[in-house]
Amino acid sequence: MITVFGSINMDLIATTERLPKPGETVAGNGFATAAGGKGANQALAARRSGRYVHMAGAVGKDSFAADALALLDDAGTDLSLVKHVDGPTGTALILVGGDGENMIAVVPGANGVVTADDAETAIGGMKEGDILMLQFEVPADAVERALSAARAKGVTSILNLAPLIPDAPRLGRLADIVIANETEFERLAGQDGMDAPAREASLMRLHAETGQTLIVTLGGDGVIAIRDGAILRAQGLKIEPVDTVGAGDTFCGYFAASLDEGLDFASALRRAAVAGSLACLKSGAQPSIPWGEDVAARI
């Protein structure tokens, strides 16, 4: 079983020919709304892959709440651990440029009142060998409690170091598996501007210190990871991206689902990388997440 403890948002998405520079206004050419939030995105990816998934988090008592949960509900995700609180549902304001790159501002809303007690509740029904997935769009103390509770129960924890927060390097050491993009990994390693050899050296150093499985996503260059002392790499698909929003979350959800399904580590990396590539071919975070049969066909 997979439990995702994290954020649930409504995404407000504007498309532009190019992303604005600081202080600049550019004309938009499209607007849409879509369910999002890193936690919800990863839960939906794991569910669409075919695994049983619990989503744990919070939404507000506003008009966005039902829409934010709709795709999770339609896919058969267990939402019994999602609480409804006074105030707004979390929102993400997203700008997508013509080349598929994006800029995002996240307003926590209900995600900001998720507590350490909620973490205990989320872990309460889990057992040894289950998988817990977390990110940093809910308060750090709740994430820390969830990681500690998971370790005490023998639950495998997967922490996505996004979005970057000051406590990321410390909390990252509490997880069994850490997933980061290039920028996030540099923060974890305490070294800016890494080239490929420096990144590999840092992976080996951190792995030797902690014993953790470390995974770094590299966009179009695939993924590099270290596990049990060995460096592994995997490639996604060669594509022309439409919208990269949600690609990283799709990778995380499919990776967790692949481990839960019993795939070996290398196969899990490859499957997740392919799923992340496919998520770049449609607009929006959750609407772009592929179904398991589509990923299997492309592998």
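Below, all heavy atoms of this structure are taken into account, side chains as well, without hydrogens, waters or symmetry copies.
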Fill in: Residues that, via side-chain heavy atoms closer than 4.5 angstrom, fall in one hydrophobic cluster with L81
none

Item to complete: Under 4.5 Å between side-chain heavy atoms, chaining through other members, with only Ile, Leu, Val, Met, Phe, Trp and Tyr counted: pull out the rest of the cluster around M103, sorted by chain and number.
Response: L19, L95

Is a donor on one side and an acceptor on the other found under 3.5 Å between the side chain of [X] and the backbone of [Y]?
| X | Y | value |
| --- | --- | --- |
| N111 | V138 | no |
| D78 | S80 | yes |
| S7 | K38 | yes |
| T156 | I131 | no |
| D130 | V155 | no |
| E120 | R145 | no |
| Y254 | V274 | no |
| D264 | S267 | yes |
| R48 | G292 | no |
| E186 | M194 | yes |

Discussion item. Let me confirm one number: the OG1-CG distance from T183 to D192, rounded to the nearest 0.5 Å.
Written reply: 9.0 Å

Would you mind reporting whether [Y] and [X] have side-chain heavy atoms less than 4.5 Å apart?
| X | Y | result |
| --- | --- | --- |
| L132 | I123 | yes |
| S202 | R205 | yes |
| I224 | L203 | yes |
| I226 | M204 | yes |
| N160 | F136 | no |
| F265 | I215 | yes |
| R271 | S49 | yes |
| L259 | I177 | yes |

Item to complete: Measure the acute angle between the ring planes of F255 and F251, then classify it against the limits of 30° and 60° as parallel, tilted or perpendicular.
Response: parallel

Worksheet item: According to a 4.5 Å side-chain heavy-atom criterion applied to Ile, Leu, Val, Met, Phe, Trp and Tyr, with indirect links allowed, do V106 and V96 form part of one hydrophobic cluster?
Response: yes

Worksheet item: CD of E17: more than 12 outside heavy atoms within 6.0 angstrom?
Response: no

Discussion item. So for atom CE, which belongs to M1, do other residues, nucleotides or ligands contribute more than 12 heavy atoms lying within a distance under 6.0 Å?
Written reply: yes

Worksheet item: Do you know the tightest heavy-atom contact between G172 and L161?
Response: CA-CD2, 4.2 Å

Worksheet item: For D176 and R151, what are the C-alpha separation, side-chain angles and deciding distance, and is it a side chain to side chain contact (heavy atoms under 4.5 Å, CB included)?
Response: CA-CA 8 Å; D176 297 309; R151 178 160 294 182; 4.1 Å; yes

Item to complete: Using the test side chain to side chain contact (heavy atoms under 4.5 Å, CB included), find all partners of D118 that sit at least two apart in sequence or belong to another chain.
Response: F5, K83, V114, T115

